[in-house]
Amino acid sequence: MNMADKYDVKPEQVLADLKAGNILLVDVREPAEFANERIHGALLHPLSTFEPKALPTDGHRQIIFQCGSGKRSRMALEKFMKEIGVEAAHMAGGIAAWRSTGQPCIRIDPATGTVVDKGDY
């Protein structure tokens, strides 16, 4: 297991960077997970079909990978940096850590089946 390092970004920092437009958040979970709950503004690139060259790297925003707990995002990060040669990072603890800090998610209300989205972070 990887120890915390410079590639581990805390949810609070991800939120600040999203608001500032400094990062591109890439969710590497599977489509069903993404449909049920996601972070506003995240792009979906599932790890099961992950192709680093398909990511829009504009050179202005750092790519931050995110998953459910941090394991898959770390795998995507390592593959991306190896194949593309550009530094990136991942959100330590994944969307679970994001929720634990009280940040909002777009989600499906299980009681009604409707999408709950406040439209921002």
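Within 6.0 Å of CE in M81 there are more than 12 heavy atoms belonging to other residues, nucleotides or ligands.
The closest side-chain heavy-atom distance from I95 to Q66 is below 4.5 Å. Inter-residue side-chain proximity for L55 and V26 is flagged as met; some heavy-atom pair is nearer than 4.5 Å. M91 places none of its side-chain heavy atoms less than 4.5 Å from the side chain of S73. Looking at K10 and T101, their side chains never come closer than 4.5 Å, going by heavy atoms from C-beta outward. Inter-residue side-chain proximity for R38 and E33 is flagged as unmet; no heavy-atom pair is nearer than 4.5 Å.
Closest of all the heavy-atom pairs between A89 and L77 is N-CD1, 3.4 Å. When every heavy atom of D27 is checked against every heavy atom of C67, the shortest pair comes out as OD1-CA, 4.5 Å. In this structure, P11 and A92 approach most closely via the heavy-atom pair CD-O, 4.1 Å. Across all non-hydrogen atoms, the minimal contact from F34 to R29 is CA-NH2, 3.7 Å.
Considering only residues two or more places apart in sequence or on other chains, S69 meets the side-chain contact (heavy atoms from CB on, under 4.5 Å) condition with K71.
Within the structure, every pair that satisfies the salt bridge (charged side-chain N to carboxylate O under 4.0 Å, His left out) test and touches residues 88-117, not counting sequence neighbours, is listed here: E37-R99. Sorted by first and then second residue, the pairs that involve residues 77-96 and meet ring pair (Phe, Tyr, Trp, His ring centres under 6.0 Å), not counting sequence neighbours, are F65-F80. Residue pairs meeting the salt bridge (charged side-chain N to carboxylate O under 4.0 Å, His left out) criterion with at least one partner in residues 82-96, sequence neighbours excluded, are K6-E87.
Ionic pairing of R61 and D17 is not present here: no N-O contact between side-chain nitrogen and carboxylate oxygen is shorter than 4.0 angstrom.
Summarising the hydrophobic clusters (Ile, Leu, Val, Met, Phe, Trp, Tyr; side-chain heavy atoms under 4.5 Å, direct or chained), the residues clustered with V115 are I106, I108.
Taking CD1 of I39 as the start and CG of L18 as the end, the distance is 7.5 Å to the nearest 0.5 Å.
In the hydrophobic cluster analysis, where Ile, Leu, Val, Met, Phe, Trp and Tyr join through side-chain heavy atoms closer than 4.5 angstrom, V86 is grouped apart from V9.
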Listed pairs under 3.5 Å, donor-acceptor, residues 42-52 side chains, sequence neighbours left out:
residue: S48; atom: OG; partner: E30; partner atom: OE1; Å: 2.9
residue: S48; atom: OG; partner: E30; partner atom: OE2; Å: 3.0

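Of the possible polar contacts, one joining the W98 side chain to the P104 backbone as a donor-acceptor pair under 3.5 Å is found.
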Checklist entry - Should L24 and I64 be marked as a side-chain contact (heavy atoms from CB on, under 4.5 Å) after you check the CA-CA gap, both sets of side-chain angles, and the distance that decides it? => result CA-CA 6 Å; L24 181 62; I64 305 286; over 6 Å; no
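Partner of K19 under the side-chain contact (heavy atoms from CB on, under 4.5 Å) criterion, out of L15, I23, N22: L15 alone.
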